[in-house]
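Heads up: the structure comes next, in structure tokens.
In what follows, every chain begins at residue 1, and chains take the letters A, B, ... in the order their sequences are listed. The model shown is predicted, which means the values in this text are computed figures rather than measured ones.
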There are 2 protein chains.
Amino acid sequence: MKSAPAHQRCAVEAALDAIGGKWKGLILYHLTRSGTLRFNELKRLLPGVTQRMLTKQLRELEAEALVLRTVYAEVPPRVEYRLSAEGLELRPVIEALREWGVRRENSRGAGTAHAHAC
Amino acid sequence: MKSAPAHQRCAVEAALDAIGGKWKGLILYHLTRSGTLRFNELKRLLPGVTQRMLTKQLRELEAEALVLRTVYAEVPPRVEYRLSAEGLELRPVIEALREWGVRRENSRGAGTAHAHAC
DNA sequence: CAGGATCCCGCGAGATACTG
DNA sequence: CAGTATCTCGCGGGATCCTG
């Protein structure tokens with residue numbers, strides 16, 4: 001737990017603290033789409049992320065109880081990540097954000113073609 | 001021609017790029033609530049932000065066409081910030097985020113009293 | 001009041017090597 | 001495969017001073 005700055009935090013501030021990390025938004029987005037993802041699957045979906053950063057972001061999301069981590073005692077090891085109940089409640093937020101992004105994308109390059117990789 | 005990163009950016013990625021800065025979420029939130037805010041008003045609403053950072057974040061939001069900046073030729077100078085039409089369309093996102101934050105806040109400290117400063 | 005210009009430091013984050 | 005452990009560097013961002 002982090003030391004509170006003794007400042008009256010509003011809900012939006014707290015929310016942004018929980019999901020505002022560099023890769024957290026995208027991680028949550030991909031988990032809402034895929035349901036369950038292994039470490040390397042997630043890594044492939046996040047172009048440019050390093051293992052170190054991905055691990056760190058996942059650990060923080062886990063600490064916020066937004067993401068669940070399941071380790072299977074196998075060889076080779078398998079670790080799966082999925083949203084917790086609390087994390088699933090972020091879906092409306094993510095969906096609204098996605099819709100905004102799509103509308104924005106369309107109203108910009110009004111003529112050009114659009115391919116969606118994700 | 002630029003060397004293409006050859007990576008297909010999705011709408012969510014682009015959206016997070018636009019509003020993912022350190023203070024941008026909170027700035028947008030306060031602008032949705034207040035409609036119009038002067039520089040120092042905004043600064044007071046963001047505890048811990050420095051002028052430098054606030055200026056930088058506002059400039060970036062302006063460059064993304066999410067925030068409009070109006071300068072009044074007065075003495076002392078007055079500068080007002082408000083959301084553009086495109087920025088206003090973020091309201092559903094921000095509102096969904098706020099609701100999530102409030103629900104989360106309540107389900108955590110289930111017994112304790114809650115005062116809302118903002 | 002609303003910034004711009006400078007200086008400067010810490011740590012965020014990349015690269016690499018190693019491991020259960 | 002899914003991570004830790006180190007070392008390292010750059011720049012994000014704070015502090016301070018100046019100005020229209």
Side-chain angles (χ1 to χ4, degrees), chain A residues 1-3 5-7 13 16-28 30-31 34-64 66-83, chain B residues 3 5 7 13 16-28 30-31 34-64 66-84:
Chain A
M1 181 79 119
K2 285 186 63 174
S3 60
H7 146 249
E13 248 176 299
L16 287 172
D17 257 19
I19 66 169
K22 188 172 184 183
W23 300 93
K24 289 177 187 173
L26 276 189
I27 290 173
L28 294 167
H30 285 299
L31 287 178
S34 304
T36 293
L37 287 169
R38 301 181 58 168
F39 185 83
N40 273 351
E41 288 174 335
L42 217 29
K43 188 167 186 301
R44 253 170 262 124
L45 288 172
L46 303 174
V49 78
T50 60
Q51 322 91 327
R52 175 183 171 75
M53 274 310 290
L54 180 53
T55 301
K56 200 178 155 231
Q57 299 285 295
L58 285 170
R59 292 288 182 277
E60 292 178 12
L61 288 172
E62 210 190 335
E64 297 280 355
L66 302 182
V67 162
L68 300 175
R69 179 172 180 265
T70 313
V71 184
Y72 295 89
E74 303 177 353
V75 163
R78 178 163 53 110
V79 178
E80 290 187 344
Y81 294 91
R82 62 196 169 90
L83 294 177
Chain B
S3 60
H7 150 244
E13 248 176 298
L16 287 172
D17 257 19
I19 65 169
K22 189 174 184 183
W23 300 93
K24 289 178 189 172
L26 276 188
I27 290 173
L28 295 168
H30 285 298
L31 287 178
S34 304
T36 293
L37 287 169
R38 302 181 58 167
F39 185 82
N40 274 350
E41 288 174 335
L42 216 30
K43 188 167 186 301
R44 254 171 260 125
L45 289 171
L46 303 175
V49 77
T50 61
Q51 321 91 326
R52 177 183 170 76
M53 274 310 291
L54 180 53
T55 301
K56 201 178 154 232
Q57 299 287 295
L58 285 169
R59 292 289 182 277
E60 292 177 14
L61 288 171
E62 210 189 336
E64 296 281 354
L66 302 182
V67 162
L68 300 176
R69 179 172 180 265
T70 312
V71 184
Y72 295 89
E74 303 176 353
V75 163
R78 178 162 53 111
V79 179
E80 290 186 344
Y81 294 92
R82 63 197 169 90
L83 294 176
S84 69

Which whole-number value in Å describes the distance from [X] [atom1] to [N] [atom2]?
| X | N | atom1 | atom2 | result |
| --- | --- | --- | --- | --- |
| B/L46 | C/dA2 | CG | P | 14 Å |
| B/N40 | C/dG3 | CG | P | 9 Å |
| A/K56 | D/dT4 | NZ | P | 13 Å |
| A/K43 | D/dC1 | NZ | C1' | 12 Å |
| B/Q51 | C/dA2 | CD | P | 12 Å |
| B/E62 | C/dA2 | CD | P | 15 Å |
| A/L37 | D/dG3 | CG | P | 13 Å |
| B/Q57 | C/dG4 | CD | P | 14 Å |

Give a yes/no on whether any side-chain N or O of [X] is located under 4.0 angstrom from OP1 or OP2 of [N].
| X | N | answer |
| --- | --- | --- |
| A/R59 | D/dT4 | yes |
| B/R78 | D/dG20 | no |
| A/T50 | C/dA13 | no |
| B/R38 | C/dC1 | no |
| B/K22 | D/dG14 | yes |
| B/R52 | C/dG3 | no |

5'-most by nearest nucleotide on DNA chain C - B/E80 or A/G48 =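 Per heavy-atom nearest nucleotide, the more 5' residue is B/E80.
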With a 3.5 Å cut-off and sequence neighbours excluded, list the donor-acceptor pairs that the side chains of residues 55-63 of chain B form with protein atoms.
from  : atom 1 : to    : atom 2 : distance (Å)
B/T55 : OG1    : B/Q51 : O      : 2.8
B/Q57 : OE1    : B/K22 : N      : 3.4
B/Q57 : OE1    : B/W23 : N      : 3.2
B/E60 : OE1    : B/K24 : NZ     : 2.6

Using 4.0 Å as the upper bound for N to carboxylate O, is an ion pair formed by B/E80 and B/R78?
->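 Yes.
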Quick one: pull up [atom1] in [X] and [atom2] in [Y] and give me the separation to the nearest 0.5 Å.
| X | Y | atom1 | atom2 | value |
| --- | --- | --- | --- | --- |
| B/R38 | B/Y72 | CZ | OH | 10.0 Å |
| A/R82 | A/T70 | CZ | OG1 | 5.0 Å |
| A/L37 | A/L45 | CG | CG | 6.0 Å |

Mind checking A/Y72 for me? I need base, sugar-phosphate or nothing, with any heavy atom below 4.0 Å counting as a touch.
->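 The residue A/Y72 makes no contact with any strand.
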